[in-house]
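Below, chains carry the letters A, B, ... as their sequence lines are ordered, and counting in each starts from 1.
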Protein chains: 2
Amino acid sequence: MDRPRKPTLDTVASAVGVSRATVSNAYNRPDQLSAALRERILATAAEMGYTGPDPVARSLATRHSAAVGFMLGQQLSTSFSDPALSVVLDGLASTVDGHDHCLVLMPGRDRGGPRPETVARAQADVVVAYSLPDDAPALAAARARGLPMVVIDQPVLPDTARVEVDDLGGARMAATALRELGHRRFGVVTFALHPDGHSGPVSAERLESAPFRVTRDRLRGYLAVVGAQPVWECARSSRELGRAGARELLSASPRPTALLCASDELAFGALQAVRDLGLRVPADVSVIGFDDVPAAEHADPPLTTVRQPLTEKGRRAGELALRLLDGGRPGEPTRLPVSLVLRDSTAAPE
Amino acid sequence: MDRPRKPTLDTVASAVGVSRATVSNAYNRPDQLSAALRERILATAAEMGYTGPDPVARSLATRHSAAVGFMLGQQLSTSFSDPALSVVLDGLASTVDGHDHCLVLMPGRDRGGPRPETVARAQADVVVAYSLPDDAPALAAARARGLPMVVIDQPVLPDTARVEVDDLGGARMAATALRELGHRRFGVVTFALHPDGHSGPVSAERLESAPFRVTRDRLRGYLAVVGAQPVWECARSSRELGRAGARELLSASPRPTALLCASDELAFGALQAVRDLGLRVPADVSVIGFDDVPAAEHADPPLTTVRQPLTEKGRRAGELALRLLDGGRPGEPTRLPVSLVLRDSTAAPE
DNA sequence: TTGTAAGCGTTATCAA
DNA sequence: TTGATAACGCTTACAA
């Protein structure tokens with residue numbers, strides 16, 4: 001079988017007996033040629049099985065690809081499984097969707113982010129980076145390419161648009177509420193401070209050198225209020241790891257009366273850990289989360305947590321991305337408010 | 001300011017004093033030149049701010065872009081908010097991630113799928129279609145481009161790889177279980193049969209002409225067992241719509257003793273609707289779902305549902321996509337098993 | 001080990 | 001309204 005070479009603009013052009021430019025115009029600038037000719041071109045094209053300009057060639061010529069890239073510090077699949085992240089992406093997607101751009105999710109991980117080669121190859125006109133460590137190679141790669149960038153949460157980079165939240169203040173608020181209820185012995189469960197897969201207790205030194213700004217701030221916020229207290233780091237923000245971490249913290253004696261978690265996912269695990277030990281929330285142990293993901297209010301008991309406007313965060317990032325695409329300047333960082341949502345997982349210690 | 005034209009292979013080549021091909025080799029085939037020369041080239045490149053071959057130009061020359069496209073019948077943001085879909089995408093993403101391909105999510109909606117123009121422009125080597133109506137223009141567009149395609153759930157198309165599940169059998173199983181418990185009066189809550197945004201009661205004619213195979217099969221499965229019973233269609237698979245639909249069905253008299261839902265999301269809404277009316281699940285009304293999303297077992301009460309292996313579905317689709325990418329043949333459809341998971345939302349009628 | 005030359009399939013500018 | 005012609009930036013035989 002003689003492989004039937006795919007028709008191109010040229011093929012169609014010579015079939016119709018016009019120039020390539022004219023065929024191009026038939027697709028891109030209908031007003032540049034007579035309706036009759038255009039009709040004829042389109043008909044012949046259809047007949048030949050030509051589906052219109054090749055997207056890659058077009059992108060090469062126009063130098064843009066109508067796509068928004070997205071890079072994150074975890075596995076690609078986290079985009080769909082982490083509740084907080086997926087709400088952010090929901091917001092981002094709805095913005096991008098409305099403007100008919102594709103959303104390009106980049107794979108891979110190298111010290112907390114896609115590999116630089118991946119970034120160098122990704123077909124996108126702008127990228128949004130989600131909570132990458134300050135030193136992620138992916139960041140350098142994106143900059144080097146000169147890709148406009150919007151950064152969610154971190155890091156702070158010159159010439160990038162930014163959307164962020166007051167993690168420090170939120171954490172402080174949460175810890176303060178607990179202290180005012182009378183709690184004095186705390187345990188803190190956090191997700192990764194460093195992209196090294198470590199799980200376990202956290203030293204002050206490890207905390208201070210952490211490249212994940214968000215984690216660092218939430219932790220600092222907690223500790224600023226409650227003083228030096230045991231901290232357990234989980235490699236990822238997952239229920240399972242939170243459960244294990246909380247169990248470790250709860251095995252200390254005297255036992256902490258309150259658990260401060262860096263995310264709702266971890267808090268859900270902590271809730272489970274308390275039950276595992278035959279204890280009750282909040283009678284024996286108070287648990288507080290961070291994010292206010294949709295599941296927080298349906299947890300058992302409903303989770304007290306620090307709310308950040310996740311959908312809005314994604315939406316804003318999307319708007320900024322589109323603006324950069326149009327040649328706009330990054331402008332001042334967008335700072336979204338946080339607030340404490342009191343539910344039933346917290347109470348005064350007995 | 002004189003806009004500093006971005007350096008290209010050519011620029012670098014002449015700066016180093018070699019040919020363009022050699023610079024290209026320095027990046028793509030390190031073994032084709034001496035280490036020393038390569039070193040020199042890379043150094044000069046770095047110095048000039050050249051970040052390596054432009055991805056679009058490279059794609060044009062090689063005719064592939066290391067990206068897997070994904071198209072679905074709902075808004076882009078559903079990818080992150082629909083529990084069943086996001087688990088499927090989780091599986092797909094983890095496969096794609098491991099092979100260092102980008103995942104390109106296509107936006108837009110036109111009769112249940114991205115607009116054909118969008119598909120024509122998307123930069124991907126293969127596309128995965130998720131539960132698109134048989135007549136979605138997006139499908140034709142993808143075919144026309146000659147993009148290899150893997151179809152999840154539907155439609156059945158020649159020359160495409162396929163992953164599917166026995167929706168009909170699963171629904172039948174669920175309905176049978178309820179009948180055997182003694183239920184005789186049912187209500188059925190379904191998501192869209194047609195991509196027209198309609199919500200309300202469903203006629204037999206509307207059911208039979210439905211272009212959404214999955215919906216049709218689940219419904220047929222239910223009705224085959226329970227006979228002609230009232231069906232309420234929701235425009236989307238959402239808790240809110242499920243709640244409203246269930247409320248309608250429950251207002252009939254005599255009241256149905258069991259609600260058959262086409263998805264867990266709808267079932268969660270139905271659970272709520274039963275409570276809204278001051279009734280109890282399962283004492284007054286039994287509720288059954290479909291999918292077995294993670295939240296099903298944590299629902300109140302834990303939801304009886306038809307399990308389909310969602311993660312596996314995505315993972316298989318990913319593997320098929322990668323195989324097609326390597327020039328493989330579509331092969332036989334992959335059919336994944338379903339099973340009934342009995343939890344606490346079903347019981348014998350009083 | 002390096003270079004030459006012919007693509008890859010478009011868009012865009014400007015003249016006819 | 002249409003057509004030359006020159007980009008766009010790269011890969012890859014094949015020849016040197």
message: For D:dC10 and B:Y50 - does any side-chain N or O of the residue sit under 4.0 Å from the phosphate oxygens OP1/OP2?
response: yes
query: OP1, OP2 of D:dT11 versus side-chain N and O of B:R58: anything below 4.0 Å?
result: yes
query: Which comes earlier along DNA chain D counting from the 5' end, the contact point of A:R20 or that of B:L9, where each point is its nearest nucleotide?
result: A:R20
field: Distance, rounded to the nearest Å, where B:N28 contributes CG and D:dT11 contributes P
entry: 4 Å
- request: Give the minimum heavy-atom separation between A:L72 and A:M106, together with the two atoms involved.
  value: CD2-O, 4.4 Å
task: State, to 0.1 Å, how close A:L76 and B:H101 come at their nearest heavy-atom pair, and which atoms those are.
output: CD2-O, 4.5 Å
task: Respond yes when some side-chain nitrogen or oxygen of A:S34 is under 4.0 Å from OP1 or OP2 of D:dT2, and no when none is.
output: yes
- prompt: Can a side chain N or O of B:N25 be found less than 4.0 Å away from OP1 or OP2 on C:dT1?
  reply: no
- line: On a heavy-atom basis, the closest approach of A:F212 and A:L132 is CE2-C, 4.3 Å
Short side-chain N/O contact to C:dA12 OP1/OP2 from A:R29, under 4.0 Å: yes
- prompt: When you check the phosphate oxygens OP1 and OP2 of C:dG3, does a side-chain N or O of B:S19 lie under 4.0 Å from one of them?
  reply: yes
message: Looking at C:dG3, I'd like to know if its phosphate oxygens (OP1 or OP2) sit under 4.0 Å from a side-chain N or O belonging to B:T22.
response: yes
query: Is the closest basic N to carboxylate O distance between B:D159 and B:R329 below 4.0 Å?
result: yes
Nearest-angstrom distance from the residue atom CG of A:D54 to P of C:dT10: 5 Å
